[in-house]
Amino acid sequence: MAETYAPRDADETRAFLAWAMAEEKPVEVIGQGSKRAIGRPVQAELTLDLSGLSGITLYEPEELVLSARAGTPVAEIEAAVAARGQELAFEPMDYGPVLGTAPGLGTIGGLLATNLAGPRRISKGAARDHVLGIKAVSGRGEAFKSGGRVVKNVTGYDLARGLSGSWGTLAVLTEVTFKVLPRAEACETILLPGLDDRRAIAALAAAMGSSTEVSGAAHLPADAAVAIGGAAGGAVGRNGQSATIVRLEGVPVSIAHRADSLSRLLAPFGRVERLGGAESEPLWRAVRDVAAFTPDRAPGTVLWRVSVAPGEGPSVVAAMAKAVPGSRAYYDWQGGLVWLCLPAAPTGTGAAVPEAGVGPVRRAVAAAGGGHATLIRADAATRAAVPVFEPQPAPLAALAERLKAQFDPKGILNPGRMA
Amino acid sequence: MTALRMPEPDAGVFARRAEIVRRLGEIVPGEGVIADARGLAPYESDGVTVYAQAPLVVVLPETVEQVSRVLAYCHQEGIKVVPRGAGTSLSGGALPLADGVLMSMMKFNRVLDIDFPNRCAVVQPGVTNLGITRAVEHEGFYYAPDPSSQIACSIGGNVAENSGGVHCLKYGLTTNNVLGVEMVLMDGTVLRIGGKHLDSPGYDLMGLIVGSEGLLGVVTEVTVRILRAPETARAVLVGFNSSEAGGQTVADIIAAGIIPGGMEMMDRPAIHAAEDFVHAGYPRDAEALLIVELDGPAAEVSHLIERVAEIARGNGCVDLRVSNSDAERLVFWAGRKAAFPAVGRISPDYLCMDGTIPRKELPHVLARMRAMGEHYGLRCANVFHAGDGNLHPLILFDANVPGELDKAEAFGADILRLCVEVGGCLTGEHGVGVEKRDLMPAMFDEIDLAHQIRVKCAFDPKQLLNPGKVFPQLHRCAELGRLHVQRGALPHPDIPRF
């Protein structure tokens with residue numbers, strides 16, 4: 001069992017990392033540990049627990065800016081901004097349910113380090129698009145800052161974005177500053193039942209290509225629609241039909257107008273239904289948090305997160321259906337995000353897939369013109385045996401290695417995590 | 001030309017000039033190499049004309065292979081390279097080096113792929129910002145970031161500078177609108193990062209490359225996100241008796257949950273200069289003018305325009321007009337968009353600054369700037385991207401009056417230090433370049449800067465690409481790499497552990 005250090009401030013964090021670097025002791029970096037089961041398991045002598053670096057340090061609603069120590073719970077931040085009618089507009093997903101751990105956990109530092117997003121990724125971006133500044137300690141044991149608290153800032157290199165999605169392998173965040181935005185007053189969903197995947201993705205492209213300011217575009221094949229409808233309640237998945245859903249948010253007068261034009265636009269795709277706000281909110285949360293493929297709804301499975309060009313989503317799913325009997329999937333981001341659920345243990349319908357299906361998944365992504373697939377849920381042995389993140393072409397991998405060597409020359413930070 | 005410390009020219013490179021020109025001519029045959037004094041002259045400056053320097057030679061590659069071979073050759077021979085797009089930089093980012101090859105990317109001017117279903121366009125870096133919109137507008141689409149130089153500036157330059165524009169608060173900067181790039185490293189390696197999909201499987205290299213000011217690599221292809229143009233746009237033009245009232249209106253609009261497509265403010269000197277130039281009907285007696293543009297579905301825009309007008313009235317505005325046609329909306333904008341040339345008419349020269357401040361600091365910063373202007377004996381007009389706090393003070397001076405340029409530069413530096421002091425930054429969208437390079441320590445300490453340079457070292461360890469820009473001092477990567485290793489006990493023995 002690794003020894004855990006829990007510094008109380010940024011300077012203790014710096015001192016600890018300077019010492020760990022000098023002693024060349026590898027460190028696993030955690031906040032609340034909510035995403036610890038993603039990625040290659042880290043073999044480290046020490047654990048650095050940042051949950052003690054907690055608290056909002058600045059929140060100015062009129063300036064649309066919030067700073068917090070890296071270990072601050074996301075839930076605390078979401079509650080604070082919600083009280084002022086604001087939100088983190090990139091709608092960060094909660095990995096808890098799909099990893100089979102407690103929901104509602106995670107820190108703001110972990111959120112940036114894993115570049116969280118949600119259905120609004122296609123309209124508002126991800127964590128990387130909303131971060132304004134960071135303070136961090138690199139694997140050299142040196143504290144540095146980048147960015148600031150204003151939206152428009154090109155002063156020096158954008159290390160805040162550079163650290164987003166780096167899974168704690170370049171530096172340990174100690175404080176982060178985000179842009180916050182007003183929460184939409186209302187929300188409505190357009191539902192097209194019964195479309196097949198290709199037709200559905202065409203409908204979503206038409207919706208996204210319109211001027212109706214769509215903020216969510218997902219397609220749930222029948223079994224995913226039933227599961228997500230079961231989790232969220234409401235009309236989705238009723239009658240066992242697939243559900244193609246499009247979200248509109250804003251002021252009510254605007255939503256009514258846009259819902260009318262969107263219904264007209266999508267009429268050629270068949271029957272169009274409209275779901276109100278009360279039904280929409282749990283629905284999109286279930287889509288965001290992959291409620292269709294939680295361990296209890298999809299036992300004995302592994303879960304992949306695939307990002308490709310939106311129009312290519314169905315080709316990935318079709319290829320996987322052929323390669324791996326019993327594979328299931330649904331689409332977010334207009335088709336560009338595919339949650340792919342493969343049998344990990346023998347089931348009634350087929351055999352277990354060796355190595356979490358890594359071979360067929362990588363081939364399907366490559367055949368779709370490129371993108372990336374990340375193994376989100378699998379047992380530790382499998383995650384240790386297969387490359388969890390999409391392997392990069394040699395020149396890019398070499399560049400990433402040079403960057404790692406610059407920021408963490410002794411390789412002490414989360415060794416192997418992104419391998 | 002003002003005195004500017006640049007990296008020490010390499011005498012050995014000068015001595016080999018003829019050989020270098022010959023070798024470049026082999027890689028880029030035909031008219032791809034410019035070496036005569038008259039041909040080099042147009043490349044001496046970018047948008048910051050107070051700095052000028054003829055390059056060693058100009059090369060205009062046409063293919064990725066040529067870019068790669070030129071860079072590999074220069075890398076091997078230890079020759080510096082300065083990449084250049086349209087040359088509209090407002091920070092001297094494309095200022096040539098006497099001993100450096102200037103690589104112009106303007107022959108990379110083709111739109112390669114327009115993909116409406118996936119809402120993206122693949123273009124070469126020399127395509128202009130507006131050129132992308134022109135290529136997609138027949139289907140009702142556009143490219144959102146709109147720097148005021150958008151007719152001329154290239155998308156490659158936009159990537160280098162992380163260019164903004166007036167619509168950033170709602171639609172983001174270049175970094176939020178680029179999906180992929182192909183780029184060539186200084187050693188000639190060709191990389192493809194991103195594409196038509198979202199996010200990256202490894203480190204967010206795109207985040208580092210956008211805004212790196214041509215120091216990390218030469219971009220040879222860009223995939224950008226395109227958007228369907230809003231159904232409608234309308235603007236409100238509001239005059240106030242004080243910048244405080246204008247600033248409060250901006251704060252109240254945002255507090256009401258409204259994110260306008262654009263929100264611009266001008267002070268009295270800027271209002272007068274613009275009005276005299278384009279006769280947009282701006283109120284001459286106002287101390288502050290606010291243009292708020294709402295875009296989106298017509299029903300929403302009408303609704304929000306009313307709310308904005310109410311907020312402005314609540315703050316005691318002295319003049320308020322709502323555009324009732326697109327023509328009228330464009331008239332509202334005409335003065336703002338012509339603010340720089342308008343100021344150019346009332347002063348022989350001006351310096352355009354580019355700091356960002358927290359919005360609420362505006363009245364305080366304007367007051368301090370007035371005091372500074374009195375101290376230096378120079379006038380200053382202000383245009384302000386009020387939505388995102390990006391301030392463009394225009395310092396008026398006459399370069400023919402001895403000492404005035406120095407005074408203007410000192411005034412500008414004081415303004416930027418003030419921006420940092422109140423919680424803002426040195427540059428919001430123009431870049432650091434050479435112009436703000438030596439002010440970087442006002443915002444970053446040595447360790448901060450060292451971590452930025454470490455990125456440079458990962459991409460270009462020999463530091464041959466665009467040296468002398470962004471960083472006040474370039475340490476050799478090997479020296480920068482020294483670790484401060486202190487073995488022994490953990491210095492904070494009381495850190496909680498379990």
Side-chain angles (χ1 to χ4, degrees), chain A residues 3-7 12 15-16 19 22 62-63 85 121 125 128-129 138 140 142 144-145 148-158 161-162 164-166 182 205 208-211 213 250-251 253-254 257-258 307-311 336 370-372 389-390 392 395-396 400 402-403 406 409, chain B residues 116-118 162 164 168 176 189 191 195-199 201-204 207-208 211-212 228 230-231 251 254-255 257 296-297 299-300 303 356 358-359 388-390 423-429 431-432 443-444 447-448 451-452 454-455 457-458 483 485-487 490-492 495-498:
Chain A
E3 192 174 15
T4 297
Y5 286 75
E12 285 187 352
F16 168 78
W19 169 73
E62 288 83 5
E63 299 280 327
R121 177 70 184 88
R128 74 176 299 276
D129 295 293
S138 67
R140 314 174 62 90
E142 296 168 342
F144 66 97
K145 64 179 177 297
R149 52 161 293 182
V150 290
V151 175
K152 247 184 176 173
N153 182 355
V154 294
T155 320
Y157 284 176
D158 197 343
R161 249 176 274 280
S164 81
S166 65
M208 288 301 299
S210 76
S211 56
E213 297 183 3
V251 292
V253 56
S254 164
H257 169 87
R258 283 144 65 204
S307 176
V308 290
H372 50 95
F389 291 85
E390 184 82 29
Q392 308 230 55
L396 267 181
R402 294 198 297 272
L403 200 58
Q406 287 289 335
Chain B
F116 290 112
N118 287 317
N162 191 13
C168 293
N176 310 109
T189 307
L191 299 175
K196 292 183 177 181
H197 59 276
L198 289 167
D199 299 327
Y203 295 141
D204 193 339
L208 294 171
S212 60
R228 182 65 186 256
E231 189 180 299
I254 285 169
E300 174 176 326
H303 170 79
T356 304
R359 279 178 292 266
D388 46 44
N390 189 196
C425 65
L426 295 172
T427 170
E429 55 184 352
V432 177
M443 192 157 154
F444 297 114
I447 297 178
D448 299 336
H451 278 85
Q452 294 183 28
R454 287 197 171 97
V455 174
C457 291
L483 284 169
V485 176
Q486 236 179 338
R487 287 183 194 281
L490 179 61
H492 281 258
I495 293 178
R497 66 184 80 178
F498 39 84

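Letters go in sequence order (proteins before strands), and every chain restarts at 1.
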Exercise for the section: Return the option, out of A/Pro395, A/Gly370, A/Gly311, A/Gly209, with the maximum number of heavy-atom pairs under 4.5 Å with chain B. Expected result: A/Gly209
Practice task
Select, from B/Gly202, B/Gly164, B/Gly431, B/Gly211, the one with the greatest count of heavy-atom pairs under 4.5 Å involving chain A.
Solution key: B/Gly202
Handout entry: Mutual orientation of the aromatic rings belonging to B/His451 and A/Phe144 [parallel < 30°, tilted 30-60°, perpendicular > 60°]
Key = parallel
Handout entry: Test log, rule salt bridge (charged side-chain N to carboxylate O under 4.0 Å, His left out), inputs A/Arg161 and B/Asp204
Key = CA-CA 7 Å; A/Arg161 249 176 274 280; B/Asp204 193 339; over 6 Å; no
Exercise for the section: Output all residues satisfying salt bridge (Lys or Arg N to Asp or Glu O under 4.0 Å) with A/Glu390, sequence neighbours left out; order by chain, then residue number. Expected result: A/Arg362
Completion exercise
So, the part of A/Glu213 with a heavy atom under 4.5 Å from chain B: the answer is side chain
Handout entry: Structural part of B/Phe116 lying under 4.5 Å from a heavy atom of chain A
Key = neither
Practice task
Could you look at B/Ile447 and say if it's the side chain, the backbone, both or neither that has a heavy atom under 4.5 Å from chain A?
Solution key: both
Fill in the blank from the handout: Most contact-rich option vs chain B, by heavy-atom pairs under 4.5 angstrom, among A/Pro7, A/Ala205, A/Gly336, A/Gly156, is A/Gly156
Handout entry: Closest-packed option against chain B by number of heavy-atom pairs under 4.5 Å, given A/His372, A/His257, A/Glu62, A/Arg402
Key = A/His372
Problem - Pair A/Arg121 + B/Asp199: basic N to acidic O under 4.0 Å - result: yes
Problem - Test item: B/Pro297 and A/Ser254 side chains (from C-beta on) under 4.5 Å apart, heavy atoms - result: yes
Practice task
Applying side-chain contact (heavy atoms from CB on, under 4.5 Å), run through A/Thr155 and B/Val432 and close with a yes or a no.
Solution key: CA-CA 6 Å; A/Thr155 320; B/Val432 177; 4.3 Å; yes
Problem - Check: A/Ser307 side chain, B/Leu198 main-chain N or O, donor-acceptor pair, under 3.5 Å - result: yes
Handout entry: Sidechain-backbone polar pair: A/Arg140 side chain, A/Gln406 backbone, donor-acceptor under 3.5 Å
Key = yes
Completion exercise
Residue from A/Asn153, A/Asp129, A/Asp158 scoring the most non-hydrogen pairs under 4.5 Å with chain B is A/Asn153
Practice task
Name the member of B/Ile254, B/Leu208, B/Asn118 that forms the most heavy-atom pairs with chain A at distances under 4.5 Å.
Solution key: B/Asn118
Completion exercise
Whatever's closer than 4.5 Å to a heavy atom in chain A on B/Thr427 counts as both
Problem - A/Glu63 portion near chain B, given a 4.5 angstrom heavy-atom threshold - result: both
Fill in the blank from the handout: Ranking B/Thr356, B/Thr189, B/Asn162 by heavy-atom pairs under 4.5 Å to chain A gives rank one to B/Thr356
Practice task
Tell me, for A/Tyr5 versus chain B, whether the close heavy atoms (under 4.5 Å) come from the side chain, the backbone, both or neither.
Solution key: both
Problem - Within-4.5 Å side-chain heavy-atom neighbours: B/Met443 and A/Lys145 - result: no
